[in-house]
Amino acid sequence: MLEEEERDNAPYEGPVDLPDEYEPEEEEAEALGPSLADDVLALLEDGKTYAEAEMAYQKSRAGFAANRIKGAIAFGLGAFGVLHLALIAMTVGLVIALAPLVGPWIATAIVTIALVALGIVFLSLLKARIDEIRDAFSEDGND
């Protein structure tokens, strides 16, 4: 108890959060700055830290983009489904509209032949595009 009173009454000698056996380092008269090797090592460590941070950023960016792409695909498939149903409804409507004029069987044949012809036009356009792509990647370019 007597030691505690002496310690409480003693003048302040340094930070209170340091251990009792702590002794500050003696400063040399000629304090030199960090060496070139220390600077290079610090630069390499900073570069490594930057590369890790950039990698984490790009991963989070890719995750965000993948999440948004999934949503976009879902909306695209929904739009495709609704448009497909609309085209089916238009096809049935054409058959129903033509039925009183030419009869149900001929109306069905007219709509079917028109859709097959449109499909053939789209297939020929598709073939032309594929041929253009094939020509772009061919070795001589003149096929």
Side-chain angles (χ1 to χ4, degrees), residues 1 3-99 101-102 104-143:
M1 178 129 178
E3 291 176 17
E4 289 178 9
E5 288 178 12
E6 288 177 10
R7 215 176 332 168
D8 290 340
N9 294 333
Y12 177 75
E13 293 182 13
V16 291
D17 60 343
L18 294 176
D20 292 336
E21 59 273 353
Y22 174 78
E23 293 183 22
E25 297 177 7
E26 294 180 20
E27 295 184 24
E28 297 178 14
E30 297 179 26
L32 299 175
S35 68
L36 179 61
D38 291 339
D39 287 344
V40 170
L41 289 175
L43 180 65
L44 290 174
E45 187 66 30
D46 289 346
K48 181 181 174 186
T49 303
Y50 172 76
E52 290 171 353
E54 185 68 22
M55 184 66 74
Y57 171 70
Q58 294 300 338
K59 281 183 182 179
S60 68
R61 221 172 120 183
F64 175 78
N67 186 13
R68 293 300 178 192
I69 286 173
K70 283 192 270 185
I73 288 172
F75 287 132
L77 290 175
F80 178 76
V82 170
L83 290 174
H84 187 257
L85 289 174
L87 290 174
I88 290 172
M90 183 185 75
T91 303
V92 171
L94 282 172
V95 171
I96 292 171
L98 288 173
L101 301 174
V102 293
W105 291 107
I106 296 176
T108 302
I110 291 171
V111 171
T112 302
I113 290 170
L115 289 175
V116 168
L118 187 61
I120 291 172
V121 168
F122 283 141
L123 283 175
S124 67
L125 292 172
L126 174 66
K127 184 182 180 314
R129 295 287 171 103
I130 290 173
D131 289 342
E132 288 174 0
I133 293 170
R134 188 176 296 136
D135 289 343
F137 287 103
S138 68
E139 302 244 349
D140 57 0
N142 294 330
D143 282 349

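Being a predicted model, the structure only gives us computed values, none of them experimental. Residues take their numbers from the sequence shown, with the count starting at 1.
Contact record, Val95 with Ala107: O-CB, 3.6 Å, taken as the closest heavy-atom pair.
Under a 3.5 Å cut-off, the side chain of Ser138 and the backbone N or O of Asp135 do form a donor-acceptor pair.
In this structure, Leu126 CG and Asp131 CG are separated by 9.5 Å, a value rounded to the nearest 0.5 Å. Summarising the geometry, atom CG belonging to Asp38 is positioned 12.5 Å from atom CG belonging to Leu43; distances are rounded to the nearest 0.5 Å. The CG atom of Leu44 sits 11.0 Å away from the CG atom of Asp39 when rounded to the nearest 0.5 Å. Within the model, atoms CZ of Arg61 and CD of Glu54 stand 8.5 Å from one another, a figure rounded to the nearest 0.5 Å.
A heavy-atom distance below 4.5 Å is found between the side chains of Leu87 and Met90.
When Ile106, Ile113, Thr108 are each tested for a side chain to side chain contact (heavy atoms under 4.5 Å, CB included) with Ile110, only one passes: Ile106.
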